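Below is one structure, written out as C-alpha cells; the observations come after it.
As the structure is a computational prediction, the values presented were derived from the model and not from experiment.
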There are 2 protein chains.
Amino acid sequence: MVLKDYNKEDKVLLAVDCIIFGFDEEGLKILLIKRDFEPKKGCWSLIGGFQKKDENLDQAAIRILNHLTGLHDIYMDQLYAFSKVDRDPKERTISVAYYALIDIATHDSDLIRLDSAQWFSLKKVPSLIFDHNLMVKKAIARLRQSAMTKPIGFELLPEKFTMRQLQQLYESILNKKLDKRNFINKVNSLDILIKLEEKDMTVSRKGAYLYRFDKDKYYKKLLEGFSFKL
Amino acid sequence: MVLKDYNKEDKVLLAVDCIIFGFDEEGLKILLIKRDFEPKKGCWSLIGGFQKKDENLDQAAIRILNHLTGLHDIYMDQLYAFSKVDRDPKERTISVAYYALIDIATHDSDLIRLDSAQWFSLKKVPSLIFDHNLMVKKAIARLRQSAMTKPIGFELLPEKFTMRQLQQLYESILNKKLDKRNFINKVNSLDILIKLEEKDMTVSRKGAYLYRFDKDKYYKKLLEGFSFKL
DNA sequence: TTTAATAAGTGTCTATTTTACACTTATTTT
DNA sequence: AAAATAAGTGTAAAATAGACACTTATTAAA
C-alpha cells in the first residue's frame, strides 16, 4: 500500500457535551437542559451540540456552551470521548465530553434567559438521555481528582469569598466533612490566598473575612501541582 | 426547533493512534513505525488507523494495535482527543489517542514480524508526523500521574520480576533515581507482591529474589487508588 | 442595656508518612 | 583464598496529616 485512501473510511458525527459544574451556597451543582427536540424531547440532558469542520473540539465546546447558555470566558477541560455504538439511537455519534466550572452567582445574569435550563445538586441529578449520566459520573471523578492535585476554586467561587465558602466547595467536591482548623492551616500553607480587610457580614453576626486568590501564585501552583490530602 | 436535522451536521474522519509503552532492561520505550503510505511516507509515526462505524473507540484501538503489531490482550486506556483543524494535512481528522503498556520481552515473538516498527527510548523519540510528539508527551504525563496513584507494572513487567526491575520501571517512568530501601519499604507496605523462593541468577553473583503480583490485591488497589509519593 | 444566640477564628499535640543514610551478605570469578 | 558484584536490610529525623475545644465579635431579642 502506498497511498491510503481516506475516502474509503467511515465518517462519523462528532458531538460535544458539556458538564457544567456550578457552586453556590447550597453546594455543587450541574446545569441541565430540557431537550426541545427529538430524539428524547422533553428529557433532561447535558448541554451539547455538534462539532463543525472548521473548529477544533475546544472551540466547539466553547461555542456550544456560549450559544446555549450565554456563558463566556469559562474554564473548560476535555474529559473523555464516549463512543458506544448505539449511544445515540438516532445515528452513530461519538461524543467528546467537556467539563466547565463556574460560580453560579457571578454568571446568574448570563443564565437568566435560559428558561429550559436548571441547576441540579449533584445528589439529585435526574435520569439523563443517552450516556449522559455516565459522563456526569466521570466528570465528578475527574473533578475530585483535580481537587486533590491542584488548586481549584478560582473558577467556582466569586472573586471575594470566605474561608467557609472555600471549605464548603471542597466538602461538596469531595463529598465529606472537613475539619475547619485543619482545612485553614492546609490552605494557608499553599500560600495562594490574600486576606482582605473586608468582611462578609451577610452570613453571620460576627462577619467573616473575605479572601481572594493571588492569581500569580495560583497559576504557579496549578502548573506545579501538589498533593492535597483531605 | 422540534426536530434536529442530524444530516446537516459535518461528519469527520475519526482516527485512533496508539502510544505503546514497553519496558525492558534498558528502560521505558515506545513503539513507532515507519509509514509506508502517504502522507508523510517514510516518517516515524505512532501506530494508528481509522475507526469503523460498527465499533467503539476501545475496540478500534484494540483492532488497530493487533492488526499492525500482532499484539493481543493488551492493557489500553483512552488518553485524549486531538482535534486541531489542520493536524492532518490531507483531510480533516480527529484522533483519539490510546496508550498501551506491555512487557517487551514477553511480547517479543508477536512483534518479530514487524520489520517497519522499532522501539525508541523515551529520551530518544524522533520527530514524528502530525501532532504525534504532542500525543507522546501527554501520554508520558498521564503514565507518570498513574504511577503515583495506582499500581502499574503488572502490564509492563514479566510475570516474575526482581525488586530492582520494579524499581527501574518506576525510575524510568518518573525519570528520577529512587532510594533502594525506601522503595522496597513503600512497595512492601502496599502488600501487592508475593515473594517467591526462586532467584534470578542472571543479573548478579548473589542472585535476586523474584516476585510476582498478587492479582487480587493488585486489582483491589487499582480500584482504591493510593498516593504513592516517590 | 443586658443577655442570648450565632458563626468566626484560633493552636497544640499525636500519629503517620516520608526521607536520608551505610554496612553486611551471598555468590561467582579470578 | 581473595576480590568483585549487586542484593538485602533498619533506624532515626523531618515533614505532613489528623484530632480536638474554647474564645471572640456582633446582632437580635428580652
Side-chain angles (χ1 to χ4, degrees), chain A residues 25-27 144 147-151 157-158 160-171 173-212 221 224-230, chain B residues 25-27 147-151 157-158 160-171 174-212 221 224-230:
Chain A
E25 63 284 348
E26 291 170 45
R144 225 159 252 172
M148 294 188 295
T149 54
K150 52 190 180 228
L157 290 170
K160 298 171 183 177
F161 53 87
T162 65
M163 272 290 180
R164 193 44 57 99
Q165 280 177 287
L166 184 61
Q167 183 176 340
Q168 278 163 358
L169 171 59
Y170 270 85
E171 288 180 338
I173 293 173
L174 302 174
N175 194 30
K176 67 173 169 185
K177 284 269 162 238
L178 301 173
D179 178 84
K180 187 163 53 161
R181 280 168 292 186
N182 291 341
F183 181 80
I184 290 172
N185 290 158
K186 183 80 69 114
V187 168
N188 281 334
S189 77
L190 289 178
D191 186 34
I192 51 171
L193 294 189
I194 294 169
K195 186 175 184 170
L196 306 174
E197 297 298 310
E198 217 177 329
K199 275 188 165 186
D200 175 0
M201 300 306 292
T202 63
V203 273
S204 77
R205 324 214 180 215
K206 186 178 177 183
Y209 279 105
L210 288 164
Y211 292 78
R212 63 181 177 79
K221 282 283 177 200
E224 286 171 14
F226 55 71
S227 174
F228 206 67
K229 214 180 226 166
L230 296 160
Chain B
E25 63 284 348
E26 290 171 45
M148 294 187 295
T149 54
K150 51 190 182 228
L157 290 170
K160 297 172 185 176
F161 53 88
T162 65
M163 272 291 180
R164 193 44 57 97
Q165 280 178 286
L166 184 60
Q167 182 176 341
Q168 279 163 358
L169 171 59
Y170 270 85
E171 288 180 338
L174 301 174
N175 194 30
K176 66 172 169 185
K177 285 270 162 234
L178 302 172
D179 178 86
K180 185 163 57 160
R181 278 167 295 186
N182 292 340
F183 182 80
I184 291 173
N185 290 157
K186 183 78 70 112
V187 169
N188 281 336
S189 76
L190 290 179
D191 185 33
I192 52 171
L193 295 188
I194 294 167
K195 187 175 185 171
L196 306 174
E197 297 298 309
E198 217 176 329
K199 276 189 164 186
D200 175 359
M201 299 307 291
T202 63
V203 272
S204 78
R205 322 212 185 225
K206 187 179 177 182
Y209 280 104
L210 288 164
Y211 292 78
R212 63 182 177 79
K221 282 282 177 202
E224 286 171 14
F226 54 72
S227 174
F228 207 67
K229 214 179 225 164
L230 295 162

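Of the two residues contacting DNA chain C, namely V203(A) and D179(A), the nearest-nucleotide position lying further toward the 5' end is that of V203(A). Nearest-nucleotide positions on DNA chain C for K229(A) and T162(A) put T162(A) closer to the 5' end.
One can place CG of L178(B) at 12 Å from C1' of dT19(C), the figure rounded to the nearest angstrom. If you take CD1 of I184(B) and P of dT18(C), they are 17 Å apart, rounded to a whole angstrom. One atom, CG of N185(B), and another, C1' of dT19(C), lie 11 Å apart when rounded to the nearest Å. What separates CG of N188(B) from P of dT18(C) is a distance of 14 Å, to the nearest Å. Rounded to an integer number of Å, the gap from NZ of K180(B) to C1' of dT19(C) is 17 Å. Atom pair K177(B):NZ and dT19(C):C1' shows a separation of 18 Å (rounding to whole Å applied).
Atom CG of L178(A) sits about 9.0 Å away from atom CG of N182(A), to the nearest 0.5 Å. For the atom pair CG of L157(B) and CG of L169(B), the computed distance is 5.0 Å after rounding to the nearest 0.5 Å.
The main-chain N or O of E25(B) is never found under 3.5 Å from a side-chain atom of Q168(B) such that the two would form a donor-acceptor pair. Between the K186(A) side chain and the K229(A) main chain, a donor and an acceptor come within less than 3.5 Å of each other.
Contacts between chain A and DNA chain D, taken as any atom within less than 4.0 angstrom of a protein heavy atom, begin and end at dA17(D) to dA28(D).
Judged by the 6.0 Å distance and 45° axis criteria, K199(A) is positioned over the aromatic ring of Y209(A).
Counting non-hydrogen atoms under 4.0 angstrom, K186(B) reaches the backbone sugars and phosphates but no base.
Enclosure of atom NZ in K160(B) is not indicated, since only 12 or fewer non-hydrogen atoms of other residues, nucleotides or ligands lie within 6.0 angstrom.
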Inset, instruction - Check step by step if side chain to side chain contact (heavy atoms under 4.5 Å, CB included) holds for Q167(B) and M163(B). - result: CA-CA 6 Å; Q167(B) 182 176 341; M163(B) 272 291 180; over 6 Å; no

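Taking the six-membered ring for Trp and thresholds of 30 and 60 degrees, F228(A) and F183(A) have ring planes more than 60 degrees apart, a perpendicular arrangement.
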Pairs under 3.5 Å (N/O, protein and nucleotides 28-30 of chain C):
residue, atom, partner, partner atom, Å
dT29(C), O4', R205(B), NH1, 3.0

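Looking at Y211(B) and L166(B), their side chains never come closer than 4.5 Å, going by heavy atoms from C-beta outward.
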